[in-house]
2 protein chains.
Amino acid sequence: MTTASPELTRNQSLVLETLAKAEGPLSAYTILDKLRDDGFRAPLQVYRALDKLLGFGLIHRLESLNAFVACAHPHCHAHGLIAFAICEKCGQVDEFSDEVVQKRLAGWAEDHRFKAEKTTIEIRGRCANCLAA
Amino acid sequence: MTTASPELTRNQSLVLETLAKAEGPLSAYTILDKLRDDGFRAPLQVYRALDKLLGFGLIHRLESLNAFVACAHPHCHAHGLIAFAICEKCGQVDEFSDEVVQKRLAGWAEDHRFKAEKTTIEIRGRCANCLAA
DNA sequence: TGGTGAATGTTATGACATAACATGTTATTG
DNA sequence: CAATAACATGTTATGTCATAACATTCACCA
Ligand SMILES: [Zn+2]
Ligand SMILES: [Zn+2]
Ligand SMILES: [Zn+2]
Ligand SMILES: [Zn+2]
């Protein structure tokens, strides 16, 4: 599914570090701005690095945000179906997976002879901290 | 959750009919092009109608495609959690819901004191027809 | 050493979405 | 019948996300 990662190039490392340091998801253009001082000039420099990092499974794309986050479990490299809980207030993203949900969706696909290639689960709302405040 | 729909305005009806007639999801700009002959000139005319129709629950937005589809069950107006299976080949979209998945995600949210406001589930892949062909 | 493939740099363009403001349309209601 | 309020619409401009196309550089190995 995901390609094994050799070592990262300079651009890939910079982008990954930027995401890893960030509080929440970042858009490609936000990453670009943060990396101007490191010589980044054009969106493609970011998008190309993001593509590779996605392939390595080191980051994820949040479809409902058009943004990217560093993987919360970059070592358990073979995580199956992943879900994201995204706080609309503080931007915090919680990455988790659920066997039951995964099996259930796989069951639906099998019943309908649908060959799933990529599944997106994103829950938008308010996190515990933001609700408490 | 969704507001009750009074009757639709001319623009809203045109946009909804366009989506209902379509084979698959349409982007806002594709809808705009299809409605040029009906007097549509600017993206906002489409986006405003789409916003209302989303509020009425008559259409859905597919986050992973930046596109829109007519609701497959526009009468069962109170559908809970919806999932979409999207064929990458023919564009067909299958809209379904699953009680178990819904309860499971609600359980996660409760456990983590996360207040879910909108949940997206989108499965991309190949439909039965396209796999047979 | 030179040739191959991958990564990078750069410019331009395409695709998706909204801000801001003016105008029109349709009830209420005094 | 105004006056008004609420909503829908039209229009221009701009903002945001993503890729096409092409030139150059780099790392590696025959
Ligand atoms: Zn992950
Ligand atoms: Zn929060
Ligand atoms: Zn529906
Ligand atoms: Zn298909």
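Fair warning: this is a prediction, and the values are worked out from it, not measured in the lab. Side chains are part of it too, since the values below use all heavy atoms of this structure and drop only hydrogens, waters and symmetry mates. Proteins get letters first, then strands, A, B, ... in listed order; numbering begins at 1 in each.
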OP1 or OP2 of D/dT9 less than 4.0 angstrom from a side-chain nitrogen or oxygen of B/Gln45, does that happen here?
-> no
Counting only heavy atoms not in B/Asp37, do more than 12 fall under 6.0 Å of its CG?
-> no
Is the phosphate of C/dA15, meaning OP1 or OP2, less than 4.0 Å from a side-chain N or O of B/Ser27?
-> no
When you get a sec, tell me which of D/dT12, C/dT11, C/dA20 is the closest nucleotide to the side chain of A/Ala42?
-> C/dT11
Output yes when B/Glu99 and B/Lys103 qualify as a salt bridge under the 4.0 Å nitrogen-oxygen rule, no when they do not.
-> yes
Is B/Asn66 near enough to D/dA18 that one of its side-chain N or O atoms lies under 4.0 angstrom from OP1 or OP2?
-> no
Presence of B/Arg61 side-chain N/O under 4.0 Å of C/dA17 phosphate oxygens OP1/OP2 | yes
Looking only at side-chain N and O atoms, does A/Tyr47 come under 4.0 Å of OP1 or OP2 in D/dT19?
-> no
Nearest to the side chain of A/Asn11, which nucleotide is it out of C/dA20, C/dG9, D/dT9?
-> C/dG9
Pair A/Arg124 + A/Glu88, salt bridge at N-O below 4.0 Å | yes
Between B/Glu95 and B/His60, does any side-chain donor sit less than 3.5 Å from a side-chain acceptor?
-> yes
Candidate nucleotides D/dT11, C/dT10, D/dT9, ranked by approach to the side chain of B/Thr9 - the nearest = D/dT9
Is any side-chain nitrogen or oxygen of B/Tyr29 closer than 4.0 Å to OP1 or OP2 of C/dC16?
-> no
